[in-house]
Amino acid sequence: MRRIGILTAGGDTPALNATIFGAVERANALRIEVVGIIRGFAGVIDPRLPHVRLNPLFSTIPEINPCRGGTLLGASRTYIDPAQTDVLAEIMLRLQKLGIEGLVCIGGDGTINGMQPLSELFPCVLAPKTIDNDLGLNYIDEPNEWTREESENGGLVSLLKPPAHESIDLEEIVNFATPGYATAVAVVVQGVERLRTTAESHRRIAIIEVMGRDSGFIALGSSYGQPDIILVPEVPLDMDHLEQRVAELYDLQKHVVIVVGEGVRDASGRQLGAATKSYDPAGNVIYSGAAEELKRLLALRFGDEFFGSRRKHESADSVLFTRKVGHTQRGGRPIKFDRFFAAQIGGKAVDLIVEGRNNHLATLQWSRADGFFLDSLPANKLRDPWKRIHPRRVHPSLYDAQRFQPSRLGKEYLMTILTNAIGFDDVEELRAETFSPGKLSTRYQSVNIDIQRRIETVK
Ligand code: F6P
């Protein structure tokens, strides 16, 4: 193999450049040229196929900085429509014209679904990335637990049956953790800690919304910030139980901190944050305010009287306050765990392409004896009986719905990933760079400017 392509698809995550770096370094060692495609699948759909040579003469271009968040290649949520066979055929011809013999796609569940039709025509592998930590399986036969039911409007909806396994064995998890997750959790933990002191000083109830679409892994990880209550999308809200716990805690400590995963649902399955349904270009629901809706529900239940009778002469509306951690979870410098494993995964993805393992994904596995190690899996193993790949959910055995906290196993899971996730250099970077005087006199140097000078197109 002499030349491969690489692209970053879906939402950006902190360790994308580290994955690209790992892939290019491995390719240098194997004397393979790497061509970076601009803006994910949007780049391959574009007839000009904008691209950048990432290792001329087998040396990595300086713009690839594994410590920098985002992606020097640009990303998009554009995916290939499997029904458009003519577009697929054109893409394949275009890639061949550029002399590309295989494609490494860096992405999450949207990307791997989007990669499926292309992988029928062209060698593709997936290097996983996601802050949501939802790419993978709790155990290998989990995809068979999906079922389909008719929805209210006559269409079909996929539903996850109650899991066949009451508990999981951490060693069985397919793709234990994905680069991007640890950094996102680190940001959330800081956010929770900082909001805590305001809630505590002003005797308020903070409702903090974190990302994670339909999976509560980020919410689960927020437990390092010691929130009083964690709500995950996988467990429908029990409002009576929640109200009772919030009241208990408010009486005890005069403030409460609640973390809510953006995809949280009520008992009838309604997503709190999707009151006004809108979708992104990939068809994902855009969550507009789970925290706001939860605030409304709690304010209705408590009313002003609850706080008045506790000598807090403010309305429920002002005692309860919401904050979204938002896109700060996705941005900025990746911490050590993410940088290191992202680079390893990038290298592994190149090996997979070279070994001819079409439509495989590189995975990060864990065992008690060996710690973290790399492996791979055919993407087909992730598909449900209708060929769909679903985001991994927080398994019930990782979360204690009674206490609104991670279970004992959930804590073990988190400790495995996060105990040593921050490196000395991460701390040093904060110390040396935050108030570096040079920043006051130099403008932000965007990698987009340097990459623009390198972009080439096919004729
Ligand atoms: O899937 C990754 C993710 O960060 C989700 O957690 C979140 O819901 C979504 O992307 C936000 O997407 P966007 O950046 O397009 O608003």
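Whatever order the structure lists them in is the order used to number ligands and atoms, beginning at 1.
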In ligand 1, which numbered atoms sit nearer than 4.0 Å to a non-hydrogen atom of Glu262? 5 (C), 6 (O), 7 (C), 8 (O)
Which of the ligand 1 atoms, numbered from 1, are nearer than 4.0 Å to a heavy atom of His327: 13 (P), 14 (O), 16 (O)
Which label fits Phe176 and Tyr413: parallel for a plane angle under 30°, tilted from 30 to 60°, or perpendicular past 60°? tilted
Part of Gln329 within contact of ligand 1 (heavy atoms, under 4.0 Å): neither
Counting heavy atoms under 4.0 Å, the part of Thr130 that contacts ligand 1 is neither
Can you check whether Gln329 reaches Ile218 side chain to side chain, under 4.5 Å on heavy atoms? yes
Salt bridge present between Arg392 and Asp214 (N-O < 4.0 angstrom): no
For Gly212 and ligand 1, answer yes if some heavy atom of the residue is under 4.0 Å from a ligand atom, otherwise no. yes
Out of Arg431, Lys336, Arg339, which one pairs with Asp425 under the salt bridge (charged side-chain N to carboxylate O under 4.0 Å, His left out) rule? Arg339
So is Met211 polar-close to ligand 1, meaning N/O to N/O under 3.5 Å? no
Member of Leu320, Thr322, Leu242 meeting the side chain to side chain contact (heavy atoms under 4.5 Å, CB included) criterion with Leu294: Leu242
